Number of protein chains: 2
Amino acid sequence: MSQGHTAVPAQLRTLADAQALIDQGVCPIPPREILDRIAGKWPVQIIVACSQGPIRFTELERTIDGISRRMLTLTLRNLERDGLLERTVYPTVPPKVEYRATPMALELYEALLTLTNWSMRHSACIARAREEYDRRTTGN
Amino acid sequence: MSQGHTAVPAQLRTLADAQALIDQGVCPIPPREILDRIAGKWPVQIIVACSQGPIRFTELERTIDGISRRMLTLTLRNLERDGLLERTVYPTVPPKVEYRATPMALELYEALLTLTNWSMRHSACIARAREEYDRRTTGN
DNA sequence: CCGGATCCCCTCAGATACTG
DNA sequence: CAGTATCTGAGGGGATCCGG
């Protein structure tokens, strides 16, 4: 029962193809939902931090900078629920909990790299486009 | 003055490298903001629809299914502002407006393909992880 | 045909305080 | 140390109406 992605071709050529597969019900969770899940303010940072090996709750809290306890917990739970993070509890006193990225998350990391790469190569271009756009619209 | 991405290497190897570049101020707009911009409910669908050639406002409205006039307009404006869409107005009666993806958006499309591909290959796995997680937590 | 303006809801992030 | 509970405000997004 460990099939899971037998019906999905190894490499899609267009997003329209993807949409077709989604419409056929091949894909239990549409990519949009995945995008939402990782597009929040914290998930990517957390995945990055957990990709280098096990990391503890408090370490994450210090590493992520600006994250609240609440959001850290919530985001960790969501990522764990999706099978992207593994949570290990050591029943010691004081308690110790470690998080690490699963293989699936590491693959996601690669995909994110593509997107980040695009962002960085074009961010100056986007910034310029914005300035120009704003000049056109406020000047009017 | 059409440099824009001279300081960014062609291909990043890790997201930590990317973060370092961001911290150096090389990247005027951090990738996170880009993620936010495209992660909304509609942007990706719109980019897909505009990637096959010019498409009119009303066509988009019919194609996207479920989108409100307001959100279509808003999302189009944001994408246009970021230089991802080109808007052409034909001063006819009745008015005619066409949108098409810019080359930059077509490259983004490729990056999204990577991410979508990941989503589809793992969605069954994620779905299973969720079920299992929910069983563990509600059973408790 | 294309879109701006307004109202309203509802989710979700932040702050703060408390517990095993 | 690693969380939970509760309140609160900002903003995404739908519905509707109006205008060029």
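So that the names make sense, note that chain A is the first sequence line, chain B the second, and so on, each numbered from 1. Not measured: the values here are computed from a predicted model. Just so it is clear, the values below take in all heavy atoms, side chains as well, and ignore hydrogens, waters and symmetry mates.
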Could you go through nucleotides 9-14 of chain D and list every protein N or O atom that sits under 3.5 Å from one of its N or O atoms, giving the distance for each pair?
{"unit_1": "dG13(D)", "atom_1": "OP1", "unit_2": "K41(B)", "atom_2": "N", "d": "3.4"}
{"unit_1": "dG13(D)", "atom_1": "N7", "unit_2": "R70(B)", "atom_2": "NH2", "d": "2.7"}
{"unit_1": "dG14(D)", "atom_1": "OP1", "unit_2": "K41(B)", "atom_2": "NZ", "d": "3.3"}
{"unit_1": "dG14(D)", "atom_1": "N7", "unit_2": "R70(B)", "atom_2": "NE", "d": "3.4"}
{"unit_1": "dG14(D)", "atom_1": "O6", "unit_2": "R70(B)", "atom_2": "NE", "d": "3.3"}

Under-4.0 Å side-chain N/O to phosphate OP1/OP2 contact, R77(B) with dG4(C): yes
Sugar-phosphate only, base, or nothing, as touched by Y90(A) at under 4.0 Å among non-hydrogen atoms: nothing
salt_bridge(D36(A), K41(B)) N-O dist < 4.0 Å: no
Heavy-atom pair of closest approach, residues Y109(B) and Q52(B): OH-NE2, 4.3 Å
Donor-acceptor side-chain pairing of N78(B) and T75(B) below 3.5 angstrom: no
Charged N-O contact under 4.0 Å between E132(B) and R136(B): yes
dG3(C) OP1/OP2 closer than 4.0 Å to side-chain N/O of R87(B): yes
Selected nucleotide, minimal atom distance to F57(A) side chain, candidates dG3(D), dC1(D), dC1(C): dG3(D)
4.5 Å side-chain heavy-atom contact, I47(A) and L106(A): no
Exercise: do Y90(A) and E98(A) side chains pair donor with acceptor under 3.5 Å: yes
Distance-only donor-acceptor test, R56(A) side-chain atoms vs dA2(D) base atoms, 3.5 Å: no
